[in-house]
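I have placed the structure first, in the form of structure tokens, so that the comments after it can refer back to it.
Any value given below was found using the heavy atoms of this structure, including those in side chains, with hydrogens, waters and symmetry copies removed. Start at 1 and go down the list; that is how both ligands and their atoms are numbered. As the structure is a prediction and not an experimental result, all values here were calculated from the model.
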Amino acid sequence: MKIGVFSDVHGNLEALNAVLGAMEQDGAERIWCLGDIVGYGANPNECAERVRATAEAVVLGNHDAACAGAEPAEHFNPQARDAVQWTSRHLTDASRAWLRELPLTITHGDILLVHASPDDPAGWHYIHPHMKQGDMIQAFAALTVRAAFVGHSHQPLILVHRERQYFRFLGDHLYLEEGGRYLINVGSAGQPRDGNPQAAYALYDTLAGTVTLARVAYDVAAAQRKIREAGLPVALADRLESGN
Ligand SMILES: [Fe+2]
């Protein structure tokens, strides 16, 4: 079975629709969402409703928690905080209630779904390309199953723990080997920050035992226009174009 996995939609409906369409074309029969459905973009309710209707499993992101009023947003940067305030004003009661109920982690067999690092999921530690070796080891130590799909950093990344080695897998098509353990960051659908503006997602083929990191183009201009018209910080529109 093929499973489509995505994260960090951040209220970007154009990106969400593109990712869901691409995953369907790729033959995905199930959808997993790794959180940060809202915050930054202009369509938080539409994204929440679409994710709720399509995803088999959804975990909580830090922006979901802040926008739904479950956590303070003091530690967010000014633009993110403005977006949290805008989003919490615009969320419907139904969206807010649904977001507040999302679990921090879900385990499916030998796969963990979590927004940030498996090490203290509520602490929102990043799995990112420049993380310290010690933090990586700690994240793997907290991983009690074979692999975790994560998001949060908005940068796709695959980390491997195998035969006492910890390393970064540099390709975008991974074979899950016997004895290997994996932290797979699927990147961001709605606000990529790796220099590629295309929406990111992953495809997990349970039968083949493979994970593919993929990208799909979407209507960036439409998402930008909505952000500007909504009165959200313009930098949030600008950055979608560069993917940074
Ligand atoms: Fe995020």
Side-chain angles (χ1 to χ4, degrees), residues 5-16 18-19 32-48 50-51 55 57-88 91 95 99-100 102-105 113-118 120-131 139 148-157 183-202 213 215 218 220 223 227 232-233 235-240 242-244:
V5 193
F6 67 93
S7 189
D8 296 270
V9 165
H10 283 290
N12 184 340
L13 185 62
E14 285 70 28
L16 174 61
V19 159
W32 293 346
C33 171
L34 306 174
D36 273 7
I37 299 142
V38 303
Y40 296 137
N43 289 118
N45 291 305
E46 294 82 352
C47 288
R50 185 112 213 254
V51 169
V58 187
V59 292
L60 180 77
N62 56 320
H63 286 253
D64 303 321
C67 292
E71 274 187 24
E74 296 148 7
H75 53 287
F76 282 44
N77 69 49
Q79 284 163 9
R81 207 162 48 226
D82 283 356
V84 165
Q85 284 162 1
W86 183 94
T87 305
S88 50
L91 278 180
S95 297
L99 290 168
R100 285 183 81 106
L102 293 176
L104 271 171
T105 62
L113 308 183
V114 58
H115 182 65
S117 172
D120 183 20
W124 310 117
H125 307 301
Y126 290 94
I127 300 294
H128 68 95
H130 309 294
M131 69 193 295
F149 283 105
V150 308
H152 194 36
S153 74
H154 297 211
Q155 294 172 303
L157 174 71
L183 292 170
I184 301 158
N185 192 320
V186 302
S188 168
Q191 195 197 82
R193 296 179 194 160
D194 63 338
N196 179 353
Q198 295 192 333
Y201 67 98
L213 298 177
R215 305 302 278 256
Y218 73 95
V220 172
I227 287 173
L232 282 155
L236 297 177
D238 295 343
R239 72 185 306 175
L240 295 181
S242 60
N244 267 312

Under 30°, 30 to 60°, or over 60°: which ring-plane class applies to Y40 and H154, parallel, tilted or perpendicular?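 Aromatic pair Y40/H154 classed perpendicular.
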Test applied, side chain to side chain contact (heavy atoms under 4.5 Å, CB included); reference residue, L113; option that passes from L34, L104, V150, V58: L34
Which one of N12, D8, L240 satisfies the side chain to side chain contact (heavy atoms under 4.5 Å, CB included) criterion with Q191?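 Exactly one pass, corresponding to L240.
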Evaluate R215 against D194 for salt bridge (Lys or Arg N to Asp or Glu O under 4.0 Å), listing each step before the verdict. CA-CA 12 Å; R215 305 302 278 256; D194 63 338; 2.7 Å; yes
Any donor-acceptor N/O pair, H115 side chain to G151 backbone, under 3.5 Å: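 Pair absent, no side-chain N/O of H115 close to backbone of G151.
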Mind counting the protein N, O or S atoms sitting less than 2.8 Å from the Fe ion (ligand 1)? 4
Please tabulate, one pair per line, all N/O donor-acceptor pairs under 3.5 Å involving side-chain atoms of residues 72-79, not counting sequence neighbours.
{"from": "N77", "atom 1": "OD1", "to": "Q79", "atom 2": "N", "distance (Å)": "3.1"}
{"from": "N77", "atom 1": "OD1", "to": "A80", "atom 2": "N", "distance (Å)": "2.8"}

